[in-house]
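So that the names make sense, note that chain A is the first sequence line, chain B the second, and so on, each numbered from 1. Side chains included, hydrogens not; waters and symmetry mates left out as well; all remaining heavy atoms used.
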Amino acid sequence: MKNNTNSESAAFGNPAEGKGSDSLASKYSPTEVEGKWYQYWLDNKLFSSQPDDRQPYTVVIPPPNVTGVLHMGHVLNETIQDILVRHARMEGKNACWVPGTDHASIATEAKVVNRLAEQGIKKADLSREEFLKHAWAWTEEHGGIILKQLRKLGCSCDWDRTAFTMDEVRSESVIKVFVDLYRKGLIYRGVRMVNWDPKALTALSDEEVIYKEEHTKLYYMKYYLAGEFTIKPEDEDGLNVIHKDARGYYAVVATTRPETIMGDVAMCINPNDPKNQWLKGKKVIVPVVGRIIPVIEDDYVDIEFGTGCLKVTPAHDVNDYMLGEKYNLEAIDIFNDDATLSERIAIAQQAALAENCVSNEYIIGLEKYVGIDRFVCRKQIAEDMTEAGLMEKIEDYDNKIGCSERTGVPIEPKLSMQWFLKMEHLANIALSPVMNDDIQFYPAKYKNTYRHWLENIKDWCISRQLWWGHRIPAWYLPAGGFVVAETEDEALQLAREQSGNAQLNLSDLRQDEDALDTWFSSWLWPISLFDGIRNPGNKELKYYYPTADLVTGPDIIFFWVARMIMAGYEYEGTMPFRHVYFTGIVRDKLGRKMSKSLGNSPDPLELIEKFGADGVRMGMMLSAPAGNDILFDESLCEQGRNFNNKIWNAFRLVKGWDINDDKQPESACLATQWFSAKLRLAAEELADDFSKYRLSEALMTVYKLFWDDFCSWYLEMVKPNYADGKAQPVDKATYEATLQFFEILLKMLHPFMPFITEELWQSIYDRKSGESIMRAELHMPSATDDDRRLCADFETVKEVVAAIRAVRSQKNIAPKEKLVLEKIGGQEEAFQCSIIKMANLSAINNVSEKSPASVSFLIGTTEYAVPLGNLIDLDAERKKLENELEHLQGFLASVEKKLSNERFVQNAPAAVVEMERKKQQDTLSKIAAIQETLSAFKG
RNA sequence: GUCGGCAUAGCUCAGCUGGUUAGAGUAUCACCUUGACAUGGUGGGGGUCCUUGGUUCGAGUCCAAGUGUCGACACCA
């Protein structure tokens, strides 16, 4: 009888390339299979989850940007999540993977601005409402593309739960939290030095600034001494460095930003700097500007840097700002918001000149710089100063420049009115759960990074001068002051109370124009996805929260992970997730980060087209230990595809078998016993790998289990013989055992390769409509000592077979030619029939002495021989044996050295000493056997 | 500058509380096509475990210093 399978599957109907006698193609073609089963999973709602009495397993997706497209980083991240989710589901847990997208305030707004610019529309010409209309249109057009792409990858997200950080639930949650934190006194508004992005025209948080190494110049400028002064005789002590030229005495200030001299309000020296003692108490003239400024003294100044003279520009440098606060200096903001020079520079110059009469030789009218860009100005002013004799010298200088993460332009430190969140309390509640492993990081090394950040945390600037995002729920009163409220109505009521003016109308109030930092919504994600902010303690939240695993990149540990932990403890009193799996960065095989500009990032959808989603997933996972960077190479996907093909062909083999009612042959019976033990051992290994989040090792475990143990050993052992020009039938017991093994293997493989495993699982047995491997539970009995013993014995069998094959290979004996094996002085071999089959022997003879013309080898302490008659090359055999003897004698020497060392025998554990003694005995008997053979050759 | 990680086969990495003369995958080489699969099979070669010291009966593993490399944070105007 022909075995009976459900043969409606798409991949079956394509016999085109098959060269076998059955209807299955010899190559697996994933394309149709993948589409078909994904639709099946959707149709049968197999991804969806509702609270029930099973144990929950929750994962929230790190929401990709709503307008983003799938890149290799996503493939890595989402594959890992899908593996974890599918694995948990098959463990019988109620797995829920919640998908969604992020509005990505600044990134999306930048894209919209660019698109509008292409159409000739300037953002500045639009009202807020008009702009938002465009932004929503863009979101609807591009939003969700990435979610569709995740389906191609096989992601088993509960799509009915798809959320967006700016949908109603999430928006209301953000506003509610803002109001709550404001009322707790944790949110405040004030003028501070912030990171200003002059291109996006918004403030940024410290985390959104990245430092880039750049080759710049260091400009040494002359600040001539002003007014009445004397150079005291003791200043001419040789320690002071006094500059003087035809115009007079001057100090030299080194700066990388000569244009900021327009905001100079003081010069600062270190009071302990011997070379600048002569400047104490003096006044100097700011070159070009003509303003006369005092020389102040502060320890902050580094004596070693430049000339030890620091120009103080409180409006444009964080440290200068602090000096300004300390010494009560004026801050002159010289820039417009877009970092062009402000007309204030000219006004300030006029005021300064009106106050003090300064010689024209130090001055250039600043009007010429008004309105030009900061970098153009830098170049210009440096040239002008050189020409005017105000520049001492210019040197090359390597500098690190803070740049905007999004727009890439250098950040301008700027004083401005912003909203801040106090972080001290939140950092306090978030630190210990990670340090004491309530929340576990994989790999744990990121605990350090985490602690360092929390211990040095600064307040979080949460306002952005953007429109795309959650608008800050603060309303300003006509007479000054503001109220913070969840709704306009509430705001009005509060405003009336606060102002004592009951006649106040909504139109009298003006809502803050700013939006909130994107991460101010992301940090609520694990809670807000279950509506836990608006609806605290609801059933879903109670069931799904805390979530199980978070999978994300270490680059957003501060942006996101740390802040989710803060919000989790602040709003739920417990962790948002129990484990954090940090992925590495996907690089190309040369180790370069994948980027659009380098063009070294493959398109994941093209890869899927080429290798199948299962192949790509496997390629990604093969080299992806947690936290290590992935050096991605297409050949890994090829390996994945090859593995798919191997699985496919193993299936083809089994499906092609005819079955009869014969008794199971002993070799098949033994093979079945062994493989069943092997499966239990492998299942334990797999569970261990998963428990440690060692997913690439888990994959390698199943890979080897399937390819080596199942295909190369088990199937080869049970495979019926070929006779009379065709394969013989297989007995029913073997066939059924094989199908059961196959099913277990498919389940083990499923989390990694969902599509092919579903395809085959559906085909090895008849399945009911709606059934799926996704929901098939995998429970393996734990391995016994007998299993371990059996598998260990079988390892010896493998060694014997390999040794015989090696003999064939060396002697050029065709695999088809049957050989005889002699076992010297041993007992009956338990796996005798397995060895006969796998090594293609005609017999195994137990003999007391081996045939004279034979090749012998040792497995353990047992000697085997293959009689070869005149094929034998005695010289070569002798040489080989002599080499082995030498090796064994060296080994023996090292063992005996240990054993003759009294301190070893005394100090080492008894078991270790015992082991060494056994090694000594074994080696001695091996040596004896070889010597005997060698002397037989001589005789 | 401060702190941290890493350094094992050509490549990517395992190697747990120290205990066989160090493993895997891949690449490479040789041989093998009527038979599930050449996207395959069989066999082989390939290592100063970065260097130097130390602890120990014993070090790839622990300690110290150095070198290289990657990262985080801090920054010098």
Side-chain angles (χ1 to χ4, degrees), chain A residues 18-22 24 26-28 211 218 253-257 260 268 300-302 304-307 309-313 317-320 397 399-400 402 443 445-446 448-450 452-453 456 554-555 557-558 585 589 591 611 615 622-625 627-631 633 635-636 638-657 692 694 696-697 700 703-704 711-712 715-716 719 721-723 725-727 802 805-810 812 814-815 887 890-891 894-895 898 901-909 911-913 915-916 918-919 922-923:
Chain A
K19 55 181 179 179
S21 56
D22 53 52
L24 295 187
S26 68
K27 288 175 175 39
Y28 171 62
Y211 288 86
L218 193 57
V253 172
T255 183
T256 53
R257 302 197 61 187
T260 61
C268 191
Y300 164 74
V301 177
D302 180 357
E304 301 303 319
F305 188 89
T307 57
C309 295
L310 171 73
K311 63 195 266 317
V312 182
T313 320
D317 183 279
V318 181
N319 297 302
D320 290 12
Y397 186 67
N399 201 9
K400 274 185 192 163
K445 65 178 176 185
Y446 289 111
N448 268 327
T449 313
Y450 182 83
H452 185 261
W453 187 70
N456 296 284
D555 50 331
I557 185 168
F558 308 136
I585 297 165
K589 62 179 167 182
F611 300 107
L622 272 174
S623 61
N628 279 26
D629 284 359
I630 284 83
L631 298 194
D633 187 345
S635 70
L636 292 168
E638 207 176 308
Q639 196 184 343
R641 181 205 56 191
N642 293 355
F643 186 39
N644 276 286
N645 202 50
K646 186 73 181 177
I647 298 169
W648 174 249
N649 275 293
F651 174 77
R652 257 178 95 215
L653 171 70
V654 175
K655 183 176 160 29
W657 281 343
K692 293 172 179 151
R694 300 168 70 145
S696 55
E697 290 191 27
M700 192 46 71
Y703 176 75
K704 288 193 282 191
C711 294
S712 297
L715 285 181
E716 290 299 331
K719 196 161 130 179
N721 288 323
Y722 198 84
K726 59 175 183 177
R805 287 172 176 169
V807 170
R808 276 185 198 280
S809 181
Q810 280 155 23
N812 256 320
H887 173 258
F891 181 65
S894 82
V895 172
K898 252 186 235 180
N901 181 342
E902 262 177 53
R903 284 187 296 179
F904 171 73
V905 180
Q906 273 167 21
N907 295 335
V912 173
V913 177
M915 183 94 78
E916 292 299 315
K918 183 165 189 316
K919 281 194 288 192
D922 288 357
T923 311

I need the [X] [atom1] to [Y] [atom2] distance, nearest 0.5 Å.
X	Y	atom1	atom2	result
A:Gln906	A:Arg903	CD	CZ	9.5 Å
A:Phe611	A:Asn644	CZ	CG	11.5 Å
A:His887	A:Thr923	NE2	OG1	9.5 Å
A:Ile585	A:Ile630	CD1	CD1	9.0 Å

Taking any heavy-atom pair under 4.0 Å as a contact, classify [X]: base, sugar-phosphate, or nothing.
X	value
A:Ala802	sugar-phosphate
A:Tyr397	sugar-phosphate
A:Arg694	sugar-phosphate
A:Gln906	nothing

Does a nitrogen or oxygen in the side chain of [X] sit under 4.0 Å from OP1 or OP2 of [N]?
X	N	value
A:Asn907	B:C57	yes
A:Lys719	B:G35	no
A:Asn399	B:A77	yes
A:Asn448	B:G5	no
A:Tyr703	B:U26	yes
A:Lys646	B:G41	yes

Nearest of [options] to any side-chain atom of [X]?
X	options	value
A:Lys919	B:A77, B:C57, B:U20	B:U20
A:Pro909	B:G19, B:U26, B:C73	B:G19
A:Tyr722	B:U39, B:U34, B:G25	B:U34
A:Phe558	B:A14, B:G44, B:A72	B:A72
A:His452	B:C73, B:G40, B:U12	B:C73
A:Asn645	B:A36, B:U39, B:A77	B:U39
A:Phe904	B:C57, B:A24, B:A38	B:C57
A:Ala908	B:A77, B:G19, B:A36	B:G19
A:Lys704	B:A36, B:G25, B:U12	B:G25
A:Ser712	B:C57, B:U42, B:U26	B:U42

Does [N] pair with anything, Watson-Crick or G-U wobble, both distances under 3.5 Å, and if so, with which nucleotide?
N	result
B:U42	B:A30
B:U56	none
B:C75	none
B:G18	none
B:G35	none
B:A24	B:U12
B:U69	B:G5

- Presence of donor-acceptor pair under 3.5 Å, side chain of A:Lys898 and base of B:C57: no
- Message: Distance criterion of 3.5 Å, no angle test: do you see the side chain of A:Gln639 paired donor-to-acceptor with the base of B:A27?
- Response: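 No such pair is found, so the answer is no.
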Value in whole Å for how far the [atom2] atom of [N] lies from [atom1] of [X]:
X	N	atom1	atom2	value
A:Asn628	B:G71	CG	P	14 Å
A:Lys400	B:G1	NZ	C1'	9 Å
A:Leu636	B:U26	CG	P	11 Å
A:Trp648	B:C37	CH2	P	13 Å
A:Asp317	B:A77	CG	C1'	7 Å
A:Glu304	B:C75	CD	P	20 Å
A:Arg641	B:U39	CZ	P	8 Å
A:Phe611	B:U39	CZ	C1'	11 Å

Distance between [atom1] atoms of [N] and [M] (Å, rounded):
N	M	atom1	answer
B:G58	B:G68	P	32 Å
B:U55	B:U61	P	15 Å
B:G25	B:G40	P	14 Å
B:U12	B:G4	C1'	23 Å
B:G44	B:U51	C1'	33 Å

- What residues, two or more places apart in sequence or in another chain, satisfy side-chain hydrogen bond (donor to acceptor under 3.5 Å, both in side chains) together with A:Tyr300?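 A:Tyr300 satisfies side-chain hydrogen bond (donor to acceptor under 3.5 Å, both in side chains) with A:Asn319 only.
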- Task: Answer yes or no: is there a donor N or O on one side and an acceptor on the other, between the side chain of A:Asp317 and the main chain of A:Val312, under 3.5 Å?
- Result: no
- Item | Within 6.0 Å of CD in A:Glu304, more than 12 heavy atoms from elsewhere |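 Check fails, neighbour count at 12 or below.
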- With the side chain counted from C-beta on, respond yes when A:Leu218 and A:Asn399 share a heavy-atom pair under 4.5 Å apart, and no when they do not. no
- Message: On RNA chain B, does the nearest nucleotide to A:Ala806 precede the nearest nucleotide to A:Asn901 from the 5' side, or the other way round? Give the residue.
- Response: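 So the residue in question is A:Ala806.
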- Query: When the ring planes of A:Phe558 and A:Trp453 are compared, do they come out parallel, tilted or perpendicular, using 30° and 60° as the limits?
  - Reply: parallel
